[in-house]
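Just follow the structure's listing: the first ligand is 1, and inside any ligand the first atom is 1.
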Amino acid sequence: MKKTTGTDRSITSRWRPATRAVRGGTWRSEHGETSESLFLTSGYTYDDAATVAARFAGEADGMTYSRLQNPTVAMLEERIALMEGAEACRAQASGMAAMTAALLCQLSTGDHIVAARAAFGSCRWLVDSLLPRFGIEATVIDSAVDDEWEQAIRPNTKVFFFETPANPTLDVVNLQHVCDLARSHGIVTVVDNAFATSALQRPLDFGADVVAYSATKMMDGQGRVLAGAVCGSQQWIDEVLLPFQRNTGPNLSPFSAWVVLKGLETLELRAMRQSENALELGRFIEPRVAGMRHPGLPSHPRHDLAMQQMTAAGPIFAFEVPGGRAQAFALLDALELVDISNNIGDSRSLMCHPASTTHASMTEEARAEMGVTEGLLRINVGLEDIEDVKEDLDRALTAAGL
Ligand SMILES: *Cc1c(COP(=O)(O)O)cnc(C)c1O
């Protein structure tokens, strides 16, 4: 294996984001392939016993077992780290594997965490149901109210955990404020950046410590594989995350890593075009629905902040229909082009009803508190011609009586 310039930080640190996305992290075999190789191997062989002993002792570089290292996965990790502006990254089997690892690797019994109320359903389950079983207390707050973060801090608070924009209510967290506050209290911020990705928002630039990903969404971008990633400082990854990951094994398969590597090459193009399409669709339907939640529209309570933190508002927005679940279902059932699907980040436009899908496992009170009403619909706007998507929504809104 020959490392290319893409693995040399003294060179890649000068590269601009688009170059990093295409060339970052690439290694080449003796064949000199242009596209990254797919190493479907669980183990490795060695020329002699001393070589493997040195690798296990940490005295020599090289692969030993694919739960610890794999060339294809390593290429993806370096590419994500470069795009994120992180010292290091470790890929995970899924977004939820990434969130679980990012929290459990650093929390112990007796610790306290402050988490955003508006969050992906499974992220809330980690905070509300899993952590308390291990004696880790959580305070769940309205993440869009800056003061609530400080008010929730206790002497044993170790972690702040949030998404921005949040799934599915599109709540926007003030990254600079929350990261500064955490820093001044020695608290580690863990930001779930799945909605924006590094193409639209880089939390580390605002002082975040850890960025965790569902790479299933915008990074793959074509709805093919589950994947996740955790980025942070080299020291944090080596000393805090790696002991947990290497011994619990939430690793990404090389095949999925390869698929995401290909996705990253076009991430910025897709994120920008899908953001444009989402803004156009949002403007088109806003006059016909209540409760539009789109960070790119002036009606969003934190529109200005979102536009300071993000280069574009992203492909996802939500809105409410007044007739509750029946009207929301009527609208979904009248769609011809847009698919009913709970996935996001795909190049296809997809729409779902969070209360009965992504957030169905939460109690009705918890849903109501975070704004997931029976009339809420979430849409991921894809790469189709936006005129076709507008026509479809126009037809479906009319069919649903809107
Ligand atoms: C989808 C999603 C996750 C979970 O990711 P998986 O890859 O499905 O495990 C976590 N956080 C957010 C914000 C998501 O949208």
Whether Arg79 and Glu36 form a salt bridge (side-chain N of Lys/Arg under 4.0 Å from carboxylate O of Asp/Glu) is what I want to check.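 Here Glu36 pairs with Arg79 in a salt bridge, since their nearest N and O are under 4.0 Å apart.
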Any Lys/Arg nitrogen of Asp171 or Arg302 sitting under 4.0 Å from an Asp/Glu carboxylate oxygen of the other?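 So Asp171 does not pair with Arg302 through a salt bridge.
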Neighbour list for ligand 1 [protein residues, heavy atom under 4.0 Å]: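 These residues qualify: Ser94, Gly95, Met96, Phe120, Cys123, Glu163, Asn167, Asp192, Ala194, Phe195, Ser214, Thr216, Lys217, Ala227, Ile344.
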Can a donor-acceptor pair be found between the side chains of Gln92 and Gln245 at a distance below 3.5 Å?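 Gln92 vs Gln245: donor-acceptor pair found between side chains.
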Identify every side-chain donor-acceptor pair in residues 334-343 under 3.5 Å, counting partners at least two apart or on other chains, and give the distances.
unit_1, atom_1, unit_2, atom_2, d
Glu336, OE1, Arg395, NH2, 3.2
Ser341, OG, Asn343, N, 3.2

Among Leu281, Leu377, Asn380, which residue meets the side-chain contact (heavy atoms from CB on, under 4.5 Å) test with Phe317?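 That would be Leu281.
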Dump the intermediate steps for side-chain contact (heavy atoms from CB on, under 4.5 Å) on Val372 and Met362, then the final yes or no. CA-CA 10 Å; Val372 178; Met362 298 175 65; over 6 Å; no
